[in-house]
Protein chains: 2
Amino acid sequence: MTGKLQLIADDYLPLRDVVFKTLRGAILRGELEPGERLMEIRLANELGVSRTPIREAIRMLELEGLVLMVPRRGAQVAKITEKDLKEVLEVRIGLDELAIGFACERVTLEQLEAIREAGEHFESLADSEDLTAVAEADVRFHDRIYDAAGNQRLNQILNNLREQMYRYRMEYLKDTKRRRKLADEHRAIYEAIRHRDTETAKREIRSHVRQQEETIILRMREEG
Amino acid sequence: MTGKLQLIADDYLPLRDVVFKTLRGAILRGELEPGERLMEIRLANELGVSRTPIREAIRMLELEGLVLMVPRRGAQVAKITEKDLKEVLEVRIGLDELAIGFACERVTLEQLEAIREAGEHFESLADSEDLTAVAEADVRFHDRIYDAAGNQRLNQILNNLREQMYRYRMEYLKDTKRRRKLADEHRAIYEAIRHRDTETAKREIRSHVRQQEETIILRMREEG
DNA sequence: TACAATAAAATTGTATACAATCTAAGAACT
DNA sequence: AGTTCTTAGATTGTATACAATTTTATTGTA
């Protein structure tokens, strides 16, 4: 028993949701590796709950696409192929453009300010050692744009798509030069939204997302 | 006990998946009404299984957005508000344009033929009494386009979005005049793809989807 | 009758038990 | 030694049991 996993305690949430969040986080952080089997009894022991909430959490992970069910062999952490990543990238770029288009039409002054602030926060972490904080700041910037788009459903789908990339993204953010470049792009995106310049905003977001994710795909290919 | 539900038997599938499909179908066909509570013991009795597969199926429906969980009150069929439908419509149009753009770039001769065939099949049902067949033929036409787009992930997301509209769509298809109009639009869409005319294809699919779904939204508003 | 307090029933959340199936190790045989 | 058969163990799939909470019904009182 490695004790790798630790329940994220939360009194008022059903155990299935707590387990779901815990496993989801472990998969996205790479603590549970692609291909690794998720065995119910083992997980139940490790997390100190029964199999029931484990199984229900696995059903949810299955629909999120984070685990793959093999009949009579149970769940294993989904392996993401290069083809999968390319598909995700295509859809994500399309939806990011859609979102930023809506954002240009609908953004309020408060939301605009929130976007600016998130961008500056990311910039302030350009030289930080705390990679997790950097990653979260980046997520936050994009979330502020999704908020401005004013479409819950779109927001939810985009978040799910981003999830698929999370595990491979940390490496990218280690390079401080890259981070400064990202910060500049964030600023350009912000300015485009501020001027309600839909075309520019779409162009900027497209190259911003594409560049990052293509680098990630390349790196993945190197590693095999 | 009304005996409203009937398990879709399938030997080699786990019961949870069978129950999932059964409940999903019942919700989409409107046999389970929005707001209706899904009580586990009752469903278990009615379907002749235990609570375990029922619960797991409900977890899946939850992530599909077809049921809403209320803590300690269990699941109820999700009510779709006009706002929800508008959000779905926005995203669906965006993704349908994306898909048809890819289809124009990538469609093979076989796929093009499959699109044409699906369009003709729909047209042949223009005066049919069998509404279910008409609805399925329409789904099939769009599926052939999604196939041609060659992106599994996109396909999956689009199917999920369409699901949200299913319950409200039957009414629309009852009108044979409308059906003929749809058939004409299908033909125009097919022609645009055949000529790899991305711009026209996007314009056609946009108005095709928007018109249908806006009518559905209007009708829904009338009914309350 | 209306309202409050309490008790009973119903329902969900969680744990455990049992059944079916798969995996793997070891024995028997060639 | 290698191969097949058998058997024990492990694992998933399903059913049931128990606990906690909520809902509903009932009783008592003003």
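Remember, predicted model here, so these are calculated numbers, not experimental data. Numbers restart at 1 for each chain; the letters A, B, ... are given by sequence-line order, proteins then strands.
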Which listed nucleotide (C:dT12, C:dA15, D:dA15) is nearest to the side chain of B:R37? C:dT12

Heavy-atom closest pair, residues B:D130 and B:S128: N-OG, 2.9 Å

Can any side-chain N or O of B:R16 pair as donor or acceptor with the backbone N or O of B:A57 at less than 3.5 Å? no

Provide, to the nearest angstrom, the distance between the CG atom belonging to A:N45 and the C1' atom belonging to D:dA10. 13 Å

Nearest whole angstrom, please: distance from the C1' of D:dC18 to the CD1 of B:I41. 13 Å

Which is true for A:I54 with a 4.0 Å heavy-atom rule: it touches a base, it touches only sugar-phosphate, or it touches nothing? nothing

With a non-hydrogen cut-off below 4.0 angstrom, is B:R16 in contact with a base, only sugar-phosphate, or nothing? sugar-phosphate

Most 5' of A:R51 and B:P71 on DNA chain C, judged by nearest nucleotide: B:P71

Can you tell whether the side chains of A:D96 and A:R210 come within less than 4.0 Å, N to carboxylate O? no

Rounded distance in Å - CG (A:L43) to C1' (C:dA15): 16 Å

When you measure from the centre of the six-membered ring of B:Y172, is the NZ or CZ of B:R178 under 6.0 Å away and within 45° of the axis? yes

Hey, does B:R73 reach any base, or is it just sugar-phosphate, or nothing, if we go heavy atoms under 4.0 Å? sugar-phosphate

Would you kindly give the CZ-to-P distance between B:R55 and D:dT16, to the nearest whole Å? 16 Å

A:E40 CD to C:dA17 C1': how many Å, rounded? 15 Å

Could you tell me whether B:I58 contacts a base, only the sugar-phosphate backbone, or nothing, with contacts defined as non-hydrogen atoms closer than 4.0 Å? nothing

Checking D:dG13, C:dT11, D:dT14 against the side chain of A:M69 (C-beta onward), the nearest is D:dG13

Once you round it to whole Å, what is the distance between P of D:dG13 and CD of B:E56? 8 Å

Can you tell me if B:S50 touches the phosphate of D:dA15, counting only side-chain N or O atoms and a distance under 4.0 Å to OP1 or OP2? yes

Could you tell me how far apart A:L7 (CG) and C:dT14 (P) are, to the nearest whole angstrom? 11 Å

Side-chain contact check for B:M39: nearest option of C:dT11, C:dG13, D:dT14 is C:dT11

To the nearest Å, how far apart are A:E62 CD and D:dG13 C1'? 14 Å

Side chain of A:R72, base of D:dT12: donor and acceptor closer than 3.5 Å? yes

Work out which heavy atom in A:V91 is nearest to a heavy atom in B:N151; give both atom names and the distance. CG2-ND2, 3.8 Å

